[in-house]
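I have placed the structure first, in the form of structure tokens, so that the comments after it can refer back to it.
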Amino acid sequence: MMATLLLRLAAPLQAWGADSKFETRKTAREPTKSGVIGLLAAALGLRRDETEPLTRLAQLRFGVRVEREGQLLVDFHMARNEEKDRSYVTYRHYLEDAVFLVGLESEDTALLQELAEALTHPVFPLYLGRRACPPTLPLCLGLREQGLVEALQAEPALCPGGPKPTRIVADAAPQEPGAVPQRDVPLSYDPRHRQYGYRSAREISLRQPAGAPEPTAHDPFCEL
């Protein structure tokens, strides 16, 4: 039976590396699978050169429900190249005040429970993409006895009174309609030779079509 571990990822700043090159470090619009697996690896106490445990974590089916999109912030840092004796500017992109619901699906409920315990008592400090982005609590919301998409759709909104969740981005089979390949599966975090594989993901809109009636609890047939 499938189960899904739910996480709440919220902080003043988040940064989920995507398409980062040289002096410009961009962020994706939502958490990446490689970034969340890194968070789990830190909670478990895995070293960057440990590759075998990553295989087990990378097999988890991954999805994100966007609760609050957040605003893009571009910061700059002065860095210095000692070998060339010069300074230069680097640009770092962040998401401000974003909130996400992340799901990790597996038939191995023992693994999901192990991850939940590790996130509650992490070995290494946890952060949302970069060390300057510690998460706010609660982080781990526990297990749900549902598949990934069902759990993400059924969970109550994380921002009561705020905007409604807008979309879900989830792992998908390559042949599914709308599936897009992403180089986002961690094979090694070793700084000497980082490696990433590909996964397919698709986006599910949670917005109502324009002109669609608001949901109502009224049942006209009860009057008959």
Side-chain angles (χ1 to χ4, degrees), residues 4-21 24-43 57 60-77 90-105 115-116 119-120 122 124-142 144 148-149 151-172 178 180 182-186 189 196 199 201-208:
T4 300
L5 175 64
L6 294 181
L7 311 179
R8 171 186 171 274
L9 302 188
L13 294 176
Q14 303 184 40
W16 303 101
D19 191 29
S20 296
K21 292 181 173 62
T24 301
R25 301 292 175 176
K26 296 183 180 181
T27 179
R29 295 169 58 205
E30 65 278 328
T32 59
K33 184 171 186 175
S34 57
V36 173
I37 295 299
L39 179 82
L40 300 176
L57 297 179
L60 296 169
R61 190 178 176 215
F62 172 78
V64 180
R65 190 179 80 186
V66 179
E67 301 288 314
R68 190 163 62 209
E69 295 276 359
Q71 300 293 320
L72 179 65
L73 169 70
V74 180
D75 193 14
F76 75 91
H77 296 252
T90 66
Y91 296 91
R92 313 286 176 91
H93 295 204
Y94 297 90
L95 295 175
E96 280 186 300
D97 298 323
V99 180
F100 303 102
L101 177 69
V102 164
L104 299 157
E105 178 196 84
L115 294 174
L119 290 167
T120 306
F124 297 133
L126 305 181
Y127 47 87
L128 305 185
R130 295 196 187 120
R131 290 186 179 89
C133 306
T136 60
L137 298 177
L139 173 60
C140 183
L141 302 181
R144 305 291 186 268
L148 176 65
V149 175
L152 291 175
Q153 290 175 330
E155 192 71 9
L158 300 183
C159 302
K164 295 181 180 179
T166 58
R167 57 195 175 89
I168 290 173
V169 181
D171 283 351
V180 177
Q182 300 180 0
R183 191 165 179 258
D184 186 31
V185 178
Y189 290 122
Y196 297 90
R199 69 184 179 102
R202 68 185 180 101
E203 185 169 306
I204 304 168
S205 177
L206 299 178
R207 298 183 186 275
Q208 284 191 313

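By convention here, the first residue in the shown sequence is residue 1.
- Taking 4.5 Å as the limit, every side-chain heavy atom of L101 sits out of range of all side-chain heavy atoms of L7.
- The distance from the CG atom of L104 to the CG atom of L115 is 7.0 Å, given to the nearest 0.5 Å.
- Closest non-hydrogen pair, L206 versus P165, comes out as CB-O, 3.6 Å.
- Nearest heavy atom pair, residue A201 against residue Q182, reads CB-NE2, 3.9 Å.
- The list of salt bridge (charged side-chain N to carboxylate O under 4.0 Å, His left out) pairs with a residue in residues 30-42, not counting sequence neighbours, reads E30-R167, K33-D171.
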| Derivation of the side-chain contact (heavy atoms from CB on, under 4.5 Å) call for C140 and L5 | CA-CA 8 Å; C140 183; L5 175 64; 3.8 Å; yes
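- For the salt bridge (Lys or Arg N to Asp or Glu O under 4.0 Å) criterion with E155, the lone passing option out of R144, R65, R8 is R144.
- The CG atom of L13 sits 15.5 Å away from atom OH of Y127, with the distance rounded to the nearest 0.5 Å.
- Not counting sequence neighbours, T120 has no partner by the side chain to side chain donor-acceptor pair (under 3.5 Å) test.
- Under the 4.5 Å side-chain criterion, counting only non-hydrogen atoms from C-beta, Y196 is in contact with Y189.
- Take P163 and apply the side chain to side chain contact (heavy atoms under 4.5 Å, CB included) test, not counting sequence neighbours, and it matches R68.
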| message | Could you walk me through whether W16 and R29 satisfy the side-chain contact (heavy atoms from CB on, under 4.5 Å) test, starting with their C-alpha distance in whole Å, then the side-chain angles of each, then the deciding distance to 0.1 Å, before giving a yes or no? | response | CA-CA 8 Å; W16 303 101; R29 295 169 58 205; over 6 Å; no
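- Between C133 and A15, the shortest heavy-atom distance links the atoms SG-N, 4.3 Å.
- L148 approaches G63 most closely through the heavy-atom pair CD2-N, 3.7 Å.
- Looking only at distances, a side-chain donor or acceptor of E67 sits under 3.5 Å from a matching main-chain atom of L158.
- In terms of the side chain to side chain donor-acceptor pair (under 3.5 Å) criterion, R183 has no residue partners (sequence neighbours excluded).
- Residues meeting the side chain to side chain contact (heavy atoms under 4.5 Å, CB included) test with A98, sequence neighbours left out: Q14, L95, F100.
- With sequence neighbours excluded, no residue satisfies salt bridge (Lys or Arg N to Asp or Glu O under 4.0 Å) with R92.
- Residues forming a side chain to side chain contact (heavy atoms under 4.5 Å, CB included) with V74 (at least two apart in sequence, or on another chain): L72, Y91, H93.
- Counting only heavy atoms from C-beta outward, the side chains of T90 and R25 never approach each other to under 4.5 Å.
- Distance check: I37 CD1 to T32 OG1 gives 9.5 Å after rounding to the nearest 0.5 Å.
- Every residue was checked against the side chain to side chain donor-acceptor pair (under 3.5 Å) condition with R61, not counting sequence neighbours, and none meets it.
- The distance from atom OG of S34 to atom CZ of R199, rounded to the nearest 0.5 Å, is 8.0 Å.
- Taking the side chain to side chain contact (heavy atoms under 4.5 Å, CB included) definition, one finds that A132 meets it with nothing, sequence neighbours left out.
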| query | How far apart are the C-alpha atoms of F62 and V36, what are their side-chain angles, what is the distance that settles it, and do they pass the side-chain contact (heavy atoms from CB on, under 4.5 Å) test? | reply | CA-CA 9 Å; F62 172 78; V36 173; 3.7 Å; yes
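- Each of V102, I204, V64, L6 was scored for a side chain to side chain contact (heavy atoms under 4.5 Å, CB included) with L152, with one residue passing: L6.
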| said: Please determine whether side-chain contact (heavy atoms from CB on, under 4.5 Å) holds for the pair L119 and L139, giving the CA-CA distance in whole Å, both sets of side-chain angles, and the decisive distance to 0.1 Å. | reply: CA-CA 8 Å; L119 290 167; L139 173 60; 4.1 Å; yes
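- A distance of 7.5 Å separates OG1 of T136 from CG of L128, quoted to the nearest 0.5 Å.
- In terms of heavy atoms, L126 sits closest to A42 at CD2-CB, 4.0 Å.
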